[in-house]
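Below is one structure, written out as structure tokens; the observations come after it.
No hydrogens, no waters, no symmetry mates; every other heavy atom, side chains included, goes into these values. Indexing begins at 1, ligand by ligand and atom by atom, following the structure's order.
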Amino acid sequence: MKAAVYRQNGGPEVLSFEEIADPVPGDDEVLIKVEAISLEGGDLLNRQMLPLPMSPHVVGYGSAGTVVAVGAQVTDLRVGQRVSAFGEYGSHAELRAVRADHCWVLPDGADAAAAACVPVAFGTAYEALFEQANVTADSTVLVQGAGGGVGLAAVQLAAKAGARVIGTASSREQLDALRRFGLTDGIDYRTEDVRQRVLELTDGVGVDLAVDPVGGPMTQELVLATRHGGHVILLGGSAGAPTTIDATTLPRGNRTLSGFMLSGMFGTPRVHGYVAELIGRVADGELEVVIDRAFPLSAAVDAHRYAEQRGRIGRVVMVP
Ligand SMILES: NC(=O)c1ccc[n+]([C@@H]2O[C@H](COP(=O)([O-])OP(=O)(O)OC[C@H]3O[C@@H](n4cnc5c(N)ncnc54)[C@H](OP(=O)(O)O)[C@@H]3O)[C@@H](O)[C@H]2O)c1
């Protein structure tokens, strides 16, 4: 099969489109002929810095396609079904072997590119808003990096729940465009003081919950922009800078800072169940996966380079 591989960490240029051996599914896995690949923020970070589990390495979390073989112990999937799939690696290829309990059967006619983008971004946003926190119509939520994959999913899900949604992004154009998805108030974190603006917007109270996929020095500002008893959920580190806070700012405001990694949880019935519902909500058109741009997998270098540009909204996808 053809795949975009690398043999050392680095910038997009380490990727090389090559012929490598087809993956062989294990007993609890299925083999998928990939139709679409979601280029996740985590894929970019993994390419830059995660030690390679093998060489050449095929990076990538999310893709969707058609089951072409099933392992001996797989009873609930069959050849010919279209699925969205998550794996710790392997999305950037024409074929991938993934655990059957990390697959979701697509509704008839579902768009493969949109479905590929749901489990990681929408799953993570859902877990943060409704499982780790309890967002309702009475909540005020701050979403850091609201134009990113996880950020835009969080904006939509919080807005659908009736919450007030304040978002940050690096340009006014992004923030204006995000209003269509339910963003109530936008803060340009390149030019505005986020903490001060949040306090102005909330009559000095602060938000109930801040969802932070970006990290870096801004996380401290988010802590101070939450209300007394508020909650910050740290999800990642797109900022690429150390995330350090003064821990005493937590007890001083009775605040909670927490984090989780969804990748180890997809096989649980709880997470598998709500990801299936999210895929259905996207297929029904109630939630929208915004695809910024599609590239052929053979142009993975260009796709990664483009995805690293700031100021975008939504996902970059690749097609084998
Ligand atoms: N914990 C979990 O289970 C989990 C699950 C999924 C993802 N994540 C993590 O969450 C993070 C976001 O993932 P994603 O898929 O949403 O990524 P993405 O689509 O690439 O979005 C990244 C966002 O970060 C913002 N950003 C701020 N400073 C940045 C910088 N210096 N460089 C690049 N982007 C910057 C960008 O917004 P602007 O351009 O507007 O600044 C963009 O909206 C990643 O660190 C990922 O690993 C964690």
Side-chain angles (χ1 to χ4, degrees), residues 11-12 37-50 59-62 86-89 91 102 116-129 131-133 142-157 167-178 181 183 186-192 194 210-219 221-222 232-243 257-266 268 271 274-275 278 289-293 303-317:
I37 300 152
S38 171
L39 183 39
E40 306 284 342
D43 298 348
L44 304 174
L45 295 174
N46 288 346
R47 190 208 68 232
Q48 282 161 13
M49 60 183 76
L50 191 76
V59 76
Y61 289 138
F86 170 86
E88 292 290 345
Y89 50 82
S91 78
H102 284 45
C117 298
V118 176
V120 176
F122 281 85
T124 302
Y126 186 95
E127 176 73 22
L129 296 169
E131 300 282 318
Q132 305 286 326
L142 174 60
V143 179
Q144 176 89 311
V150 174
L152 181 46
V155 168
Q156 288 189 65
L157 288 169
T168 67
S170 58
S171 73
R172 192 42 63 187
E173 291 72 28
Q174 282 164 294
L175 295 165
D176 290 344
L178 288 166
F181 301 96
L183 192 80
I187 303 172
D188 180 339
Y189 53 23
R190 286 201 156 161
T191 59
E192 296 181 87
V194 171
V211 176
D212 184 11
V214 179
M218 191 66 79
T219 301
E221 297 301 301
L222 298 195
V232 177
I233 302 182
L234 182 62
L235 296 171
S238 288
T243 302
L257 172 66
S258 69
F260 65 86
M261 194 57 80
L262 199 65
S263 55
M265 298 151 68
F266 281 113
T268 63
V271 176
Y274 71 65
V275 170
L278 291 165
V289 170
V290 177
I291 307 238
D292 177 17
R293 193 163 157 190
H304 275 236
R305 202 166 270 142
Y306 180 78
E308 285 185 347
Q309 288 176 15
R310 305 288 302 277
R312 298 181 307 95
I313 285 185
R315 274 280 174 254
V316 173
V317 298

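- In this structure, the side chain of Arg312 engages the main chain of Ala307 through a donor-acceptor pair within 3.5 Å.
- Side-chain contact between Leu50 and Leu45 is absent, with no heavy-atom pair separated by less than 4.5 Å.
- Side-chain contact annotation: Asn46 with Tyr61, donor-acceptor N/O pair under 3.5 Å present.
- Qualifying side chain to side chain donor-acceptor pair (under 3.5 Å) partners for Asp176, counting only residues two or more places apart in sequence or in other chains: none.
- Listed by chain and residue number, the protein contacts of ligand 1 are Gly41, Gly42, Leu45, Val120, Thr124, Gly145, Gly147, Gly148, Gly149, Val150, Ala169, Ser170, Gln174, Tyr189, Pro213, Val214, Leu235, Gly236, Gly237, Ser238, Ala239, Phe260, Met261, Leu262, Arg310, Gly311, Arg315 (heavy atom within 4.0 angstrom).
- Put simply, the side chain of Gln144 never gets that close to the backbone of Thr168: no donor and acceptor are under 3.5 Å apart.
- Inter-residue side-chain proximity for Met265 and Leu262 is flagged as met; some heavy-atom pair is nearer than 4.5 Å.
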